[in-house]
Amino acid sequence: MTIAIVGGTGPEGSGLALRWARAGETVVIGSRDPKRASEAAAKLRDEAGGKISGAENKAACEFADIVVLTIPFDVHAEMLKRLSPALRPGQIIVDTTVPLAASIGGRASRTLGVWQGSAAQQAAELVPEGVPVVAALHNVSSELLKGGEPVDCDVIVCSDDKQAAQRIRELARKIPGVRALDGGKLENARIVEQITALLINLNIRHKGHSGLRITGLPPEAYDI
């Protein structure tokens, strides 16, 4: 399985690349600048080993099984329109995007209204037919991903495609410490995205790297 991470030179993308490379996955770092992507990939290879390469965003997506978006909301629609010719049925888009007000100069602890309901639902309107969108990994701290310790966080996965959602829950669980939960249909992504703003507020207030844990569910809720 090959994972392309669009915007993979940023903190969240490089953190995910590091963790998945350590788990044995093949990762392609995507960037608008292919040189920058290659440099970031070389640095991550030195740290994690494994199969990590770099490419321009569109090229990174062409042969990937899973495409992970780790981009700011202000370039979200533009990027998806640019990537669309490289996407094909059977691929899975994982959207980690949160419509934070910071993307237009506002506060990082506030979210923007999205006409479709959420960034993930906007993505679903923009990708080619037959490419499922899965909303996931919004609330995993990039600082913790870049470390070596288990990540104390639950990942809520939302999608209208159950098989795609299951594959991404499996992928999320390859990050030590992470539990992955079925969050239902893609429309629920709007709630999960907004939680990120709350966590950012807590992190600013308490100078931490907070995550999310869901309690009180039966053990089978965390099973695939």
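All residue numbers refer to positions in the sequence shown, counting from 1.
Taking a 6.0 Å sphere around NZ of Lys146, one finds it holds more than 12 heavy atoms contributed by other residues, nucleotides or ligands. The number of heavy-atom neighbours closer than 6.0 Å to CZ of Arg36, taken from other residues, nucleotides and ligands shown, is 12 or below. Residue Arg179 qualifies as enclosed at atom CZ: its count of foreign heavy atoms under 6.0 Å is above 12. Residue Arg110 places its CZ atom among 12 or fewer non-hydrogen atoms of other residues, nucleotides or ligands, all under 6.0 Å distant.
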Criterion side chain to side chain contact (heavy atoms under 4.5 Å, CB included) on Ile3 and Leu171, from CA distance to verdict: CA-CA 10 Å; Ile3 305 165; Leu171 183 61; 3.7 Å; yes
Side chain to side chain contact (heavy atoms under 4.5 Å, CB included) between Thr97 and Glu193: does it pass, once the steps are laid out? CA-CA 8 Å; Thr97 309; Glu193 291 174 8; 6.0 Å; no
Kindly indicate, with the supporting measurements, whether the criterion side chain to side chain contact (heavy atoms under 4.5 Å, CB included) is fulfilled by Lys81 and Leu126. CA-CA 7 Å; Lys81 291 174 183 177; Leu126 295 171; 4.0 Å; yes
Kindly indicate, with the supporting measurements, whether the criterion salt bridge (Lys or Arg N to Asp or Glu O under 4.0 Å) is fulfilled by Glu62 and Lys58. CA-CA 7 Å; Glu62 287 181 342; Lys58 188 175 177 182; 5.9 Å; no
Evaluate Ile214 against Leu212 for side chain to side chain contact (heavy atoms under 4.5 Å, CB included), listing each step before the verdict. CA-CA 7 Å; Ile214 306 297; Leu212 183 70; 4.2 Å; yes
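Distance CG/Leu44 to CZ/Arg22: 9.5 Å, rounded to 0.5 Å. The distance from the OG atom of Ser84 to the CZ atom of Arg82 is 12.5 Å, given to the nearest 0.5 Å. Taking CD1 of Ile204 as the start and OG of Ser210 as the end, the distance is 10.0 Å to the nearest 0.5 Å. Here the NE2-CG distance, from His209 to Leu145, works out to 11.5 Å after rounding to the nearest 0.5 Å. Put simply, CD1 on Ile93 and OG on Ser159 are 11.5 Å apart, with the number rounded to the nearest 0.5 Å. Atom-to-atom distance recorded for Glu187:CD and Asp160:CG is 7.5 Å, nearest 0.5 angstrom.
What you find for Ala180 and Ala172 is that their closest heavy atoms are CB-CB, 4.2 Å. Between Gln91 and Pro132, the shortest heavy-atom contact is O-CD, 3.0 Å. Considering every non-hydrogen atom in both Ala124 and Val127, the closest pair reads O-CG2, 3.9 Å. Listed here is the closest heavy atom pair of Ala135 and Ala120: CB-CB, 3.7 Å. Of all non-hydrogen atoms in Pro89 and Val131, the two that sit nearest each other are N-CG2, 4.0 Å. Nearest heavy-atom pair across Ile52 and Ala21 is CD1-CB, 3.4 Å.
Between Arg32 and Met79, some side-chain heavy-atom pair lies under the 4.5 Å cut-off. Using a 4.5 Å heavy-atom threshold, the side chains of Ile5 and Trp20 count as touching. For the pair Val6 and Leu83, the minimum side-chain heavy-atom distance is below 4.5 Å. Put simply, the side chain of Ile29 does not reach to within 4.5 Å of the side chain of Ser14, judged on heavy atoms. Between Arg167 and Ile92 there is a side-chain heavy-atom pair separated by less than 4.5 Å. When side chains are defined from C-beta on, Glu170 does not count as touching Lys174, because their heavy atoms never get closer than 4.5 Å. In this structure the side chain of Glu12 reaches within 4.5 angstrom of the side chain of Val140, judged on heavy atoms. Residues Val98 and Phe73 are not in side-chain contact: their nearest non-hydrogen atoms beyond the backbone lie 4.5 Å or more apart.
When each of Arg173, Arg169, Arg213 is checked for a salt bridge (Lys or Arg N to Asp or Glu O under 4.0 Å) with Asp154, only Arg213 meets the rule.
Judged purely by distance below 3.5 Å, without hydrogens or angles, the side chains of His76 and Asp95 pair a donor atom with an acceptor atom.
Residues Leu199 and Leu144 do not share a hydrophobic cluster, clusters being chains of Ile/Leu/Val/Met/Phe/Trp/Tyr side chains in contact below 4.5 Å. Cluster annotation: Ile71 and Val94 are assigned to distinct hydrophobic clusters (Ile/Leu/Val/Met/Phe/Trp/Tyr, side-chain heavy-atom contacts under 4.5 Å, transitive). Ile191 and Leu186 fall into different hydrophobic clusters, defined by Ile, Leu, Val, Met, Phe, Trp and Tyr side-chain heavy atoms under 4.5 Å apart, directly or through other members. No chain of hydrophobic side-chain contacts below 4.5 Å, direct or via other Ile, Leu, Val, Met, Phe, Trp or Tyr residues, connects Val178 to Ile156. A chain of hydrophobic side-chain contacts below 4.5 Å, direct or via other Ile, Leu, Val, Met, Phe, Trp or Tyr residues, connects Val67 to Val75.
Between the side chain of Asn139 and the backbone N or O of Gly211, no donor-acceptor pair lies under 3.5 Å. The backbone N or O of Leu69 lies less than 3.5 Å from a partner atom in the side chain of Thr96, making a donor-acceptor pair. Remark: side-chain polar atoms of Arg190 are not paired, donor with acceptor, to backbone N or O of Ala119 under 3.5 angstrom. Judged by distance alone, with hydrogens and angles left aside, the side-chain atoms of Ser118 form a donor-acceptor pair with the main-chain N or O of Gln121 at under 3.5 Å. When atom types are taken as modelled, the side chain of Thr70 and the backbone of Gly7 share a donor-acceptor pair closer than 3.5 angstrom.
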